[in-house]
Amino acid sequence: MLKDRFLNAKRKLFDKVYDHLNDKQREAVYTVNGPLLILAGAGSGKTTVLVNRIGYMIRYGNAYNSERVPSFVTEQDVIELENALTLPKAEAEALLDRYSEDRVKAWSILSITFTNKAANEMKSRLEKKVGEEAGAIWAGTFHSICVKILRRYGDRVGYGAGFTIYDTDDQKKLMLSVIKDMGADEKMFAPKTVLNFVSRAKDKLMTPDDVQSEAKDFREQKMAQFYKEYQRRLVSGNALDFDDIIMQTVRLLNEDAEAREYCQNKFRYVCVDEYQDTNRAQFVLTSIISEKHGNLMVVGDDDQSIYRFRGADIDNILNFDREIADTRVIKLEQNYRSTKAILDAANAIIKNNANRHGKSLWTDKEGGSAVSLRRLDTQNDESKYIVDKILELKRTEGRSLSDFAVLYRLNSLSNSLESAFSRSGVPYRVLGGLRFTDRKEVKDVLAYLCLINNPSDNVRLMRIINEPKRKIGDSTVNAVYELAGRENESMFSIMRNAHLYPSLSKAANKLKEFTELILGLREIAAVEALDVLIDKVLDLTGYRAMLKAQDEQEGKSRLENAEELISNAVEFINTHEDSSLSAFLEEMALVADIDNYDPDAEAVVLMTVHSAKGLEFPVVFLPALEEGVFPSSQSLYDEAELEEERRLAYVAVTRAKDRLFITHTRERLLYGKTSYNKLSKFVSEIPESMLDIEKGAERGANPMRERIGLGAFSQRPQAQISSEFTKRSPFGASAYAAKTSVPKETFSVGDTVKHPVFGTGVITGATSVGPDVLYEIAFDSVGTKKMMGNYAKIKRVQ
DNA sequence: AGTCAGTCTCCTTCA
DNA sequence: GAGACTGACT
């Protein structure tokens with residue numbers, strides 16, 4: 001009796017303390033023990049749940065679900081609890097402190113995210129919620145956490161504590177030398193392709209031997225060999241690439257009992273965010289760490305899994321509850337971000353995917369403006385339409401420029417938008433593009449620092465040995481490289497003794513000079529602070545002088561970038577206990593960009609849909625929703641790829657809070673080719689009743705209409721058809737054929753056609769050539785042919 | 001060693 | 001169509 005009353009009152013009071021959350025969110029917060037999968041739809045308050053859950057664990061342990069009644073509890077206490085419902089929240093919270101159970105120690109929590117940005121956001125929100133104790137939580141990215149573990153135990157799997165991390169650029173250089181040294185043609189095997197192959201293998205924890213034994217053909221055999229040699233060189237240089245950071249940590253935890261037990265004992269509670277983005281290696285990693293205590297919580301949204309191309313395995317989230325026994329699954333489907341009109345459109349799109357858990361977002365808000373669809377003639381018209389619309393909404397709805405975002409599938413689509421914005425003088429920012437640490441000058445200076453830190457780093461040495469020019473040409477570098485390989489020494493040590501090698505005699509002095517420069521800087525590094533060191537590097541290597549000598553604009557901004565590194569160093573010294581050179585280099589290797597996206601800056605923001613994931617904007621424009629662009633042409637004939645594109649479309653639509661504008665164009669210049677694309681199938685998946693098709697907008701080829709014999713533009717008033725259709729319509733505008741200068745039926749990418757000789761095929765390209773169209777047609781039996789529309793005897797196949 | 005013209009490629013991205 | 005890259009030339 002008393003027990004029931006107590007438990008009841010306690011739980012009621014908890015529900016009051018967390019009454020800013022909905023039922024599902026609260027259920028997630030209270031579920032502390034055991035495996036937990038939270039399927040969090042877009043805008044469903046995922047981060048709030050994560051933060052509140054950790055706060056709850058630390059403050060109350062498992063109090064809500066506990067069935068225990070503490071022995072001290074009297075009827076008085078129960079009455080106090082029952083009456084506490086009217087208390088202010090802070091007092092109710094304090095009262096519940098008395099009934100906390102198995103409180104979780106902050107240091108036993110491991111919280112993993114994908115990006116530094118997310119990790120930092122998590123840290124600062126935890127600090128607000130939990131206070132000082134939050135500092136003890138291990139919150140970081142997969143990579144930063146694994147590096148921490150490897151710095152401690154890496155020697156058990158052959159990595160000295162001072163290991164270096166290779167970025168994509170370093171990897172490319174290393175792989176190129178592997179391919180060349182193994183006598184293969186780098187045109188047949190592009191380093192990028194081989195690296196991608198290696199990266200996918202490492203994502204799945206496959207060693208070179210695993211890959212070798214599974215190789216399907218000669219090509220894969222060969223790439224497995226490159227992988228093997230590439231890996232050998234990484235290890236001998238005490239270096240890891242990004243994928244190694246995860247894979248070698250898994251290997252360490254599998255092979256070394258002490259390291260495994262350390263992690264398993266320490267991290268009693270493991271939380272993983274953005275779980276739909278994890279790859280196999282990351283799945284295994286989190287499984288091992290949480291194996292002992294079984295408290296693994298993962299949060300994600302299978303409908304927002306958009307990183308297949310970089311190894312993310314959607315099966316991790318789809319099968320989590322099947323792979324891990326007794327998993328509790330909680331779906332967060334209430335959306336607090338978008339209007340009903342926008343959510344309905346998003347649901348209409350995503351429900352066409354077969355491979356998903358199945359969620360449907362809802363909101364208790366009613367209405368909202370319908371999603372707008374507009375068709376324009378060219379991409380310049382499209383850009384102008386967007387700019388004009390923004391100015392119009394700014395005027396009529398009093399919106400700020402920071403309310404608007406333009407999200408596109410391809411970076412190259414930003415060009416025409418950018419010129420429209422700058423022509424009209426509307427402030428805008430393009431996100432993405434070249435990152436700070438990707439700039440050549442920044443990489444060069446970092447390469448100097450790496451070499452100072454670790455002189456046996458051949459890849460970095462080759463990067464800067466002749467930068468600025470020291471008259472050490474390729475032939476000399478190659479000679480050093482070969483000697484180093486033969487003598488099994490680093491290039492640096494060969495160069496120090498250059499005079500001993502006859503083949504280097506001519507360059508010996510210059511090589512020696514270079515090593516002395518680096519050794520001198522090493523001495524400076526030992527006594528001076530980081531910022532001073534970088535300044536000296538710029539001076540003593542002649543790098544600063546080189547940039548100053550360059551033509552004004554370019555050199556000046558590049559020098560600014562290089563010097564920005566000094567500010568980074570100062571910042572680093574101020575915020576880190578260990579401000580050694582190696583600690584700084586590690587930070588620079590792991591931290592992508594200083595995140596400078598300021599959501600309040602008074603400017604329209606332009607970015608890819610991928611980079612917009614996790615963000616939200618009051619008004620969103622989605623240009624180029626066309627077949628072949630979005631969905632991209634590479635995905636048109638592959639169901640899994642197409643589902644991925646559909647998820648991307650879902651992400652795009654769910655970024656919008658109030659208004660969504662979709663546009664497409666009659667013709668588009670892409671990769672130097674004019675293409676005529678149909679409206680994206682994703683837009684066709686939205687019921688017409690949900691769309692506000694603006695005057696002049698059309699739905700494109702609708703299979704239903706074609707079947708019943710209506711042209712795609714049959715509803716279009718005749719008067720408006722004039723000019724833009726005197727050319728040709730991408731939609732097979734047979735109804736207007738007589739009006740156009742091209743008397744023949746026209747086709748667009750994706751159409752199936754029949755040729756009297758070659759049989760059936762699919763249009764893969766359509767380029768306007770004077771008054772005619774040059775089609776590229778992939779025939780089923782004879783491969784791809786190019787033919788002119790006016791002369792080719794091709795017919796549409798239904 | 002540096003310059004220039006011709007060639008090739010081209011999606012999305014984080015650590 | 002732009003940018004990266006290559007190879008030949010000075």
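When distances run from any side-chain atom of A/Thr168 to the nucleotides B/dC10, B/dA15, B/dG2, the shortest one goes to B/dA15. Distances from the side chain of A/Phe309 to the nucleotides B/dA1, B/dA15, B/dT13 place B/dT13 closest. With distances taken from any side-chain atom of A/Thr115 to the nucleotides B/dA15, B/dC11, B/dA1, the minimum falls on B/dA15. In the set B/dA1, B/dT13, B/dC11, B/dT13 carries the atom at the smallest distance from any side-chain atom of A/Asn411.
Side-chain N/O atoms of A/Asn116 include none lying less than 4.0 angstrom from OP1 or OP2 on B/dC14. OP1 or OP2 of C/dA2 has not a single side-chain nitrogen or oxygen of A/Asn415 nearer than 4.0 Å. Dashed line: the shortest gap from a side-chain N or O of A/Thr608 to OP1 or OP2 of B/dT13 is under 4.0 Å.
Backbone-only engagement by A/Phe114 is indicated by non-hydrogen atom pairs under 4.0 Å involving sugar-phosphate atoms exclusively. No contact: A/Leu413 has no heavy atom under 4.0 Å from any strand. Within 4.0 Å (heavy atoms only), A/Tyr307 reaches sugar-phosphate atoms of the nucleic acid but no base atom. Among the heavy atoms of the strands lying under 4.0 Å from A/Leu669 are primed sugar atoms or P, OP1, OP2 only; no base atom is included.
Note: CZ (A/Arg668) to P (C/dG1) measures 15 Å, nearest angstrom. Atoms CD (A/Glu643) and P (B/dT12) sit 22 Å apart, rounded to a whole Å. Per the geometry, CG belonging to A/Asp638 stands 14 Å off C1' belonging to B/dC11, to the nearest Å. When rounded to the nearest whole Å, the span between CG of A/Asp170 and P of B/dC14 equals 18 Å. Remark: P of B/dT9 and OH of A/Tyr671 are 14 Å apart, rounded to the nearest angstrom. If you take NZ of A/Lys172 and P of B/dT9, they are 15 Å apart, rounded to a whole angstrom. Here the C1' atom of nucleotide B/dT9 and the CD atom of A/Gln634 are 12 Å apart, to the nearest Å. Rounded to whole Å, atom C1' of C/dA2 lies 12 Å from atom CG of A/Leu670.
Ranked by how close their nearest DNA chain B nucleotide is to the 5' end, A/Asp243 and A/Ile306 are led by A/Ile306. Toward the 5′ end of DNA chain B lies the nearest nucleotide of A/Lys469, the other residue of the pair A/Lys469 and A/Ser611 mapping further downstream.
Heavy-atom minimum distance, A/Gly237 versus A/Asn454: O-ND2, 4.3 Å.
The only member of A/Lys681, A/Glu685, A/Glu643 that meets side-chain hydrogen bond (donor to acceptor under 3.5 Å, both in side chains) when paired with A/Asn352 is A/Glu685. Of the residues listed (A/Ile289, A/Ile145, A/Ile149), the one engaging A/Thr249 in a side-chain contact (heavy atoms from CB on, under 4.5 Å) is A/Ile149, and it is the only one.
A/Arg219 forms no cation-pi arrangement with A/Phe197, by the criterion of a distance under 6.0 Å to the ring centre and an angle within 45° of the ring axis. With A/Tyr307 as the aromatic partner, A/Arg310 meets the cation-pi criteria of under 6.0 angstrom to the ring centre and within 45 degrees of the ring axis.
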Inset, instruction - Check the pair A/Leu376, A/His664 against side chain to side chain contact (heavy atoms under 4.5 Å, CB included), reporting the backbone distance first and the verdict last. - result: CA-CA 6 Å; A/Leu376 288 306; A/His664 63 124; over 6 Å; no
